[in-house]
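Inspection log for the structure reproduced underneath, given as structure tokens.
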Amino acid sequence: MRRLVRAASERRIPIPAEYGEVSRVEVISEGRAEWLPVLCEVNFTRTTVRQLQTALKQEGYYGGPIDGIYGPQTTRGVTAYQRANSLVTGGLTLETVRRLNIDY
């Protein structure tokens with residue numbers, strides 16, 4: 001035999017609303033991979049870096065010392081030069097070296 005122990009009841013519990021932002025991802029252009037020739041380690045000497053720093057300084061993209069060390073200032077100078085001349089950024093490419101007339 002079954003027997004009702006208590007009558008059905010309703011209990012309301014207020015749950016506060018939660019708000020958040022929804023961002024939309026939109027493809028603006030397809031990604032691509034590109035292989036570019038870069039200056040190899042054998043030709044990446046202190047003399048070459050000095051020539052690079054001198055050329056960048058003459059062009060107005062480097063303000064550091066001509067010390068032959070490819071550090072953060074030189075990297076920033078190379079990137080600024082590449083952007084200003086519509087070259088590919090992301091490293092010292094042979095195209096950049098050629099445009100700066102650097103012997104390697």
Side-chain angles (χ1 to χ4, degrees):
M1 170 170 24
R2 289 184 167 179
R3 184 168 68 156
L4 185 60
V5 176
R6 118 179 90 173
S9 64
E10 182 179 310
R11 190 171 83 174
R12 294 182 181 244
I13 302 171
I15 299 174
E18 291 184 21
Y19 299 95
E21 290 185 25
V22 176
S23 59
R24 186 172 101 186
V25 177
E26 186 175 328
V27 177
I28 297 188
S29 67
E30 292 296 324
R32 64 187 170 102
E34 187 175 341
W35 291 91
L36 297 170
V38 295
L39 197 62
C40 69
E41 290 181 23
V42 173
N43 296 326
F44 209 78
T45 63
R46 286 179 81 96
T47 303
T48 306
V49 175
R50 279 190 199 100
Q51 289 178 16
L52 172 65
Q53 290 169 334
T54 301
L56 288 171
K57 188 169 256 188
Q58 289 172 349
E59 295 286 329
Y61 295 101
Y62 179 70
I66 309 297
D67 56 6
I69 298 170
Y70 194 85
Q73 283 184 309
T74 308
T75 303
R76 283 192 296 272
V78 168
T79 303
Y81 176 81
Q82 289 169 330
R83 285 189 178 135
N85 290 280
S86 301
L87 298 170
V88 176
T89 60
L92 184 57
T93 62
L94 288 181
E95 179 64 27
T96 304
V97 171
R98 288 183 190 122
R99 291 253 188 120
L100 288 169
N101 295 320
I102 297 171
D103 297 324
Y104 57 93

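If you're wondering where the values come from, they're calculated on a predicted model, not measured in any experiment. Side-chain atoms are counted along with the backbone in the values below, which use heavy atoms only and exclude waters and symmetry mates.
How far CG of Asp103 is from OG1 of Thr47: 11.0 Å, rounded to the nearest 0.5 Å. Between Leu56 atom CG and Thr96 atom OG1 the span is 9.0 Å, to the nearest 0.5 Å. To the nearest 0.5 angstrom, Ile69 atom CD1 is 9.0 Å from Arg50 atom CZ. The CD1 atom of Ile66 lies 5.0 Å from the CD atom of Gln53; values are rounded to the nearest 0.5 Å.
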Enumerate, atom names and distances included, each donor-acceptor pair closer than 3.5 Å involving a side-chain atom of residues 13-26, sequence neighbours excluded.
| residue | atom | partner | partner atom | Å |
| --- | --- | --- | --- | --- |
| Arg24 | NH2 | Glu26 | OE1 | 2.7 |

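Counting heavy atoms from C-beta outward, Leu87 and Thr93 have side chains that stay 4.5 Å or more apart.
With sequence neighbours left out, the side-chain hydrogen bond (donor to acceptor under 3.5 Å, both in side chains) criterion links Thr79 to no other residue. Partners of Gln51 under the side-chain hydrogen bond (donor to acceptor under 3.5 Å, both in side chains) rule, at least two apart in sequence or in another chain, do not exist in this structure. With sequence neighbours excluded, the residues that form a side-chain contact (heavy atoms from CB on, under 4.5 Å) with Glu34 are Arg32, Leu36. Residues passing the salt bridge (Lys or Arg N to Asp or Glu O under 4.0 Å) test with Glu95, sequence neighbours excluded: Arg99. Remark: Thr45 pairs with Thr48 by the side-chain hydrogen bond (donor to acceptor under 3.5 Å, both in side chains) rule, at least two apart or across chains. Legend: residues meeting side-chain contact (heavy atoms from CB on, under 4.5 Å) with Asn43, ordered by chain and number and at least two apart, are Leu39, Cys40, Tyr104.
Under the 4.5 Å side-chain heavy-atom criterion for Ile, Leu, Val, Met, Phe, Trp and Tyr, Val38 and Leu94 are members of distinct hydrophobic clusters.
Contact detail for Gln73 and Gly64: the closest heavy-atom pair is OE1-CA, 3.6 Å. Heavy-atom minimum distance, Arg83 versus Thr89: CG-CG2, 3.7 Å.
For residues 59-77, there are no salt bridge (charged side-chain N to carboxylate O under 4.0 Å, His left out) pairs, not counting sequence neighbours. Listed by first then second residue, pairs satisfying ring pair (Phe, Tyr, Trp, His ring centres under 6.0 Å) with a partner in residues 46-101 read Phe44-Tyr70, Tyr61-Tyr81, not counting sequence neighbours. Listed by first and then second residue, the side chain to side chain donor-acceptor pair (under 3.5 Å) pairs that reach into residues 8-17 are Glu10-Arg12, sequence neighbours excluded.
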